[in-house]
Visitor: 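Just dropping this structure here.
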2 protein chains.
Amino acid sequence: MSASATQTAYEQLRASLLAGLYQPEEKLKISELGASFSVSPGAIREALARLTAEGLVIAMPQRGFRVAPVSVADLRDLTDMRIEIETKCLRRAIANGDLAWETAVVAAHHRLAATPIATADGRFSPAWMLAHGDFHTALAQACGSAWMMRVRDLLFVHNERYLELARKADRGNRDAAREHRELMEAALARDTERAVTIMTVHLGNTRDTIEAALLATTAMSAAR
Amino acid sequence: MSASATQTAYEQLRASLLAGLYQPEEKLKISELGASFSVSPGAIREALARLTAEGLVIAMPQRGFRVAPVSVADLRDLTDMRIEIETKCLRRAIANGDLAWETAVVAAHHRLAATPIATADGRFSPAWMLAHGDFHTALAQACGSAWMMRVRDLLFVHNERYLELARKADRGNRDAAREHRELMEAALARDTERAVTIMTVHLGNTRDTIEAALLATTAMSAAR
DNA sequence: TTTCCTGGAAAAATCTATTTTCTGTTCTGA
DNA sequence: TCAGAACAGAAAATAGATTTTTCCAGGAAA
C-alpha cells in the first residue's frame, strides 16, 4: 500500500496518456476509468483535474474530460519553444556544471546507450523512454534554475506524447543514438556552441520525424 | 447557476491566494475551506489539486495542502526567467504585430493609466491588478506562439502573488506608470532594442521592490 | 420526401454525506 | 525521563443522490 488511490490513478493515467493508449480528443469517461483502476469516481476526478492543469487533458464543464488535441502547428510551436529553453538550459549547465553533473551525464548516457530503443511489437520501450528523459534532464540539471527546469519538464512531457503517437515512423530511420553521444561529448568538452548546435538539430530532427508520421496518420484517416 | 461548484471554489480560492489572504506555508484545511465556501470537501480537494499543478499550492500526501512557500532566491529565479520569456515575446510581438495588436496595446494602456493603483486601505486595487495584467498580456499577445504565452502566463501569475505579498512597500516610491508608458511608446514605434531594455529594467525594478519588502517582512517576523 | 423541431428517456458528470484511514499528540506507566 | 499506547483531529476514499447533458424517436412544416 504505497501511495494513495488518487496518486496511483494519476500516475497510471498519466503513463497511459504518454504511452498513447488513448487517441487525442477521445472522451475520458470517469466511470469507465474508475472501473478499470477500481477506484471511485472522486479519485479519478482529482487525477483528471491535475492532468488538466498540466495540459495533457482538457476539461469541458459539465461535459467531462477529453484527451488534449494534437496538431502539426502545435508541434512546431512546441518545438520552437523547446529549442529556446533547452539551449538556454544547456548553456547555463555547461557554464555551471561541476564534476557531479559530468558524472550524472556520463551515467545517464551509458544507460541510454545500453537500453534497446524498441520492444518486439514496435513501440518505444518504456525503459528507453525513461532513460531518454533522464539523459536530457541530467544534461539540463546544472542550469541552476528551478523555474527553468520546471518549464523544461512541462515541454518535454508534451513532446513525449507526440513521440509516442508517431512512434511507428521512427524505427531506425535516424541516428538518434549518435546525436545523443555527440551531445554528451560536446557538453563534457564544454564546447557550448557545438552542443547548442547539436541540440538544435536534434530537436529539429525529432520534430520532422514526428511531423511526417502525423501527416501520414492524418492522410490515412482522411482516406479511410 | 453559472458555473459548477468546483469551478467557483477554484476561482475564489485562486483569487484569495493571489490577493495574499493566506500566508505562505499556511495550512489549508479542507473542512474549513469547505465551510467558508459552503461546498463539500470533495469539490475543495479538486480545486486544490488544480492549484497544486499550477504551483500555487503544494500537496503533502496524507497531510493535506499548504500555500506554496516564497523566498528571495525563488523570486530572483522567477524574475530571471520572466525577463527571458517576456523579452522574447516582446521581440516577436514587435516583429509580427499588426494594427489590431497596436490598437489593443493602446486601449489596454489607456485603461491602466486611468485606473487608480491603490485602494484607500493601501492594497493594490483589484481593478489595477486586472488592467496591469491585461496590458502586459496585450503587449505579448502578438508573439504568435501559444506555448510562449502559456509559459508567460504561468510566470506572471506567480509574480502577481509576490507583488501582493509585498504591496506595502510599493506605494509611490517608483514610477511604474512612466515605465508602462515608455514601454508602450517603444513597442508602437517598433524600437525593439529600446522596448527590450525598458522591459528588462521594469522587471528588475519590480523584483528589487518586492525583494526589499520581503526582507523587511522577514526581519519583522524574526524580531518579533 | 426531407429537414427541423420537440419531448422524453438514458447516460454521464457532479455534488454531498459518510466511512475509513492516517498522523500527530498526549497521557500513563515503568 | 522515556517508551508505548490510546485518543483526537484531519485527510482521503467511497457510495449514493442530484443535476445536467446527450441521444433518439416521433411529428410537423417546407
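Residue numbers begin at 1 in each chain, while the letters A, B, ... track the order of the sequences.
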Visitor: I need the CZ-P distance between B/Phe37 and C/dT16, as an integer number of Å.
Guide: 14 Å
Visitor: Where the side chain of A/Arg45 is concerned, which of D/dA10, C/dC15, D/dA13 is the nearest nucleotide?
Guide: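 In terms of side-chain proximity for A/Arg45, the closest of D/dA10, C/dC15, D/dA13 is C/dC15.
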Visitor: Between A/His180 and A/Trp128, how do the two ring planes meet: parallel, tilted or perpendicular, split at 30° and 60°?
Guide: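 Tilted: the ring planes of A/His180 and A/Trp128 meet at 30° to 60°.
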Visitor: In this structure, how many angstroms lie between the C1' atom of C/dA13 and the CD atom of A/Glu46, rounded?
Guide: 16 Å
Visitor: For the pair made of CE in B/Met60 and C1' in D/dA12, what is the distance, rounded to whole Å?
Guide: 16 Å
Visitor: List the residues meeting side chain to side chain donor-acceptor pair (under 3.5 Å) with B/Arg150, not counting sequence neighbours, and say none if there are none.
Guide: none
Visitor: Nearest whole angstrom, please: distance from the P of D/dA10 to the CD1 of B/Ile44.
Guide: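 The answer, rounded to whole Å, is 15 Å.
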Visitor: Measure from the side-chain heavy atoms of B/Ile30 and tell me the nearest of C/dC15, D/dT14, D/dA12.
Guide: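 Closest of the options to the side chain of B/Ile30: D/dA12.
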Visitor: D/dA11, C/dC15, D/dT14: which one has an atom nearest the side-chain heavy atoms of A/Val39?
Guide: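 Within the option list, the nearest is D/dT14.
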Visitor: Reading DNA chain D from 5' onward, which residue's closest nucleotide shows up sooner: A/Thr6 or A/Pro61?
Guide: A/Thr6
Visitor: Sequence neighbours excluded and cut-off under 3.5 Å, please list the side-chain donor-acceptor pairs for residues 45-61 of chain B, or say none.
Guide:
unit_1	atom_1	unit_2	atom_2	d
B/Arg45	NE	A/Glu46	OE1	2.9
B/Arg45	NH2	A/Glu46	OE1	3.1
B/Arg45	NH2	A/Glu46	OE2	2.9
B/Glu46	OE1	A/Arg45	NE	2.8
B/Glu46	OE1	A/Arg45	NH2	3.1
B/Glu46	OE2	A/Arg45	NH2	2.8
B/Arg50	NH1	B/Gln7	OE1	3.3
B/Thr52	OG1	B/Leu48	O	2.8
B/Glu54	OE1	B/Tyr10	OH	2.6
B/Glu54	OE2	B/Arg14	NE	3.1
B/Glu54	OE2	B/Arg14	NH2	3.1

Visitor: State, with a plain yes or no, whether a side-chain heavy atom of A/Trp101 is found less than 4.5 Å away from one of A/Asn96.
Guide: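 With C-beta onward as the side chain, the pair stays apart.
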Visitor: Between B/Gln62 (CD) and C/dG24 (P), how many Å, whole number?
Guide: 11 Å
Visitor: Using the side-chain heavy atoms of A/Phe65, tell me which of these nucleotides is nearest: C/dT14, D/dA10, D/dA13.
Guide: C/dT14
Visitor: Report the distance from atom OH of A/Tyr10 to atom C1' of D/dA12, rounded to the nearest whole Å.
Guide: 18 Å
Visitor: In the structure I gave you, are the side-chain heavy atoms of A/Lys88 and A/Val151 within less than 4.5 Å of one another anywhere?
Guide: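 Side chain of A/Lys88 against side chain of A/Val151, heavy atoms only: no contact under 4.5 Å found.
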Visitor: Can you pull out how bent the helix from C/dT1-D/dA30 to C/dA30-D/dT1 is, comparing the axes over its first five and last five pairs, to 10°?
Guide: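 Answer rounded to 10°: the end axes differ by 10°.
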Visitor: Salt bridge (Lys or Arg N to Asp or Glu O under 4.0 Å): which pairs involve residues 205-216 of chain B, sequence neighbours left out?
Guide: B/Arg76-B/Glu211
Visitor: Residues two or more places apart in sequence or in another chain: which of them pass side chain to side chain donor-acceptor pair (under 3.5 Å) with B/Arg152?
Guide: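 B/Arg152 satisfies side chain to side chain donor-acceptor pair (under 3.5 Å) with B/Glu86, B/Thr137 once adjacent residues are dropped.
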Visitor: Between the protein and nucleotides 6-8 of chain C, list the N/O to N/O atom pairs that are separated by less than 3.5 angstrom.
Guide:
none

Visitor: What heavy-atom pair brings A/Gly20 and A/Glu164 nearest, and what distance separates the two atoms?
Guide: N-CB, 4.3 Å
Visitor: Would you please name every residue forming a side chain to side chain donor-acceptor pair (under 3.5 Å) with A/His158, sequence neighbours left out?
Guide: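 Once residues adjacent in sequence are excluded, A/His158 has no partner under the side chain to side chain donor-acceptor pair (under 3.5 Å) criterion.
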Visitor: Starting at atom CG of A/Leu28, determine the distance to atom P of C/dA12, rounded to an integer number of angstrom.
Guide: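 Atom CG in A/Leu28 sits about 13 Å away from atom P in C/dA12.
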Visitor: Are A/Arg82 and B/Trp147 close enough that some pair of their side-chain heavy atoms sits under 4.5 Å apart?
Guide: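 Heavy-atom side-chain distance check fails, nothing below 4.5 Å.
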Visitor: If the cut-off is 4.0 Å, is A/Ser31 near the phosphate of C/dA11, judged by side-chain N/O to OP1 or OP2?
Guide: no
Visitor: What N/O pairs connect the protein and nucleotides 22-24 of chain D at under 3.5 Å? Give each pair on its own line.
Guide:
unit_1	atom_1	unit_2	atom_2	d
D/dT22	OP1	A/Arg63	NE	3.4
D/dT22	OP1	A/Arg63	NH1	3.3

Visitor: Side chains of B/Asn159 and B/Phe156: does their closest heavy-atom pair fall under 4.5 Å?
Guide: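 Heavy-atom side-chain distance check fails, nothing below 4.5 Å.
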Visitor: Could you list the donor-acceptor pairs under 3.5 angstrom formed by side chains in residues 138-145 of chain A, with sequence neighbours left out?
Guide:
unit_1	atom_1	unit_2	atom_2	d
A/Ser145	OG	A/Met148	N	3.1
A/Ser145	OG	B/Asp77	OD1	2.5
A/Ser145	OG	B/Asp77	OD2	3.4

Visitor: Please list each protein N or O that sits under 3.5 Å from an N or O in nucleotides 6-9 of chain D, with the distance.
Guide:
none

Visitor: Of A/Pro41 and B/Glu32, whose nearest nucleotide on DNA chain D comes first from the 5' end?
Guide: B/Glu32
Visitor: Can you tell me how far P of D/dA11 sits from CD of A/Gln7, to the nearest Å?
Guide: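 About 17 Å, once rounded to whole Å.
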Visitor: Could you list the donor-acceptor pairs under 3.5 angstrom formed by side chains in residues 29-44 of chain B, with sequence neighbours left out?
Guide:
unit_1	atom_1	unit_2	atom_2	d
B/Ser36	OG	B/Leu33	O	3.1

Visitor: Looking at residues at least two apart in the chain, or sitting in another chain, which of them share a side-chain contact (heavy atoms from CB on, under 4.5 Å) with B/Asn205?
Guide: B/Arg174, B/Glu179, B/Val201
Visitor: Under 4.5 Å between any side-chain heavy atoms of A/Tyr162 and A/Thr206, yes or no?
Guide: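 Heavy-atom side-chain distance check fails, nothing below 4.5 Å.
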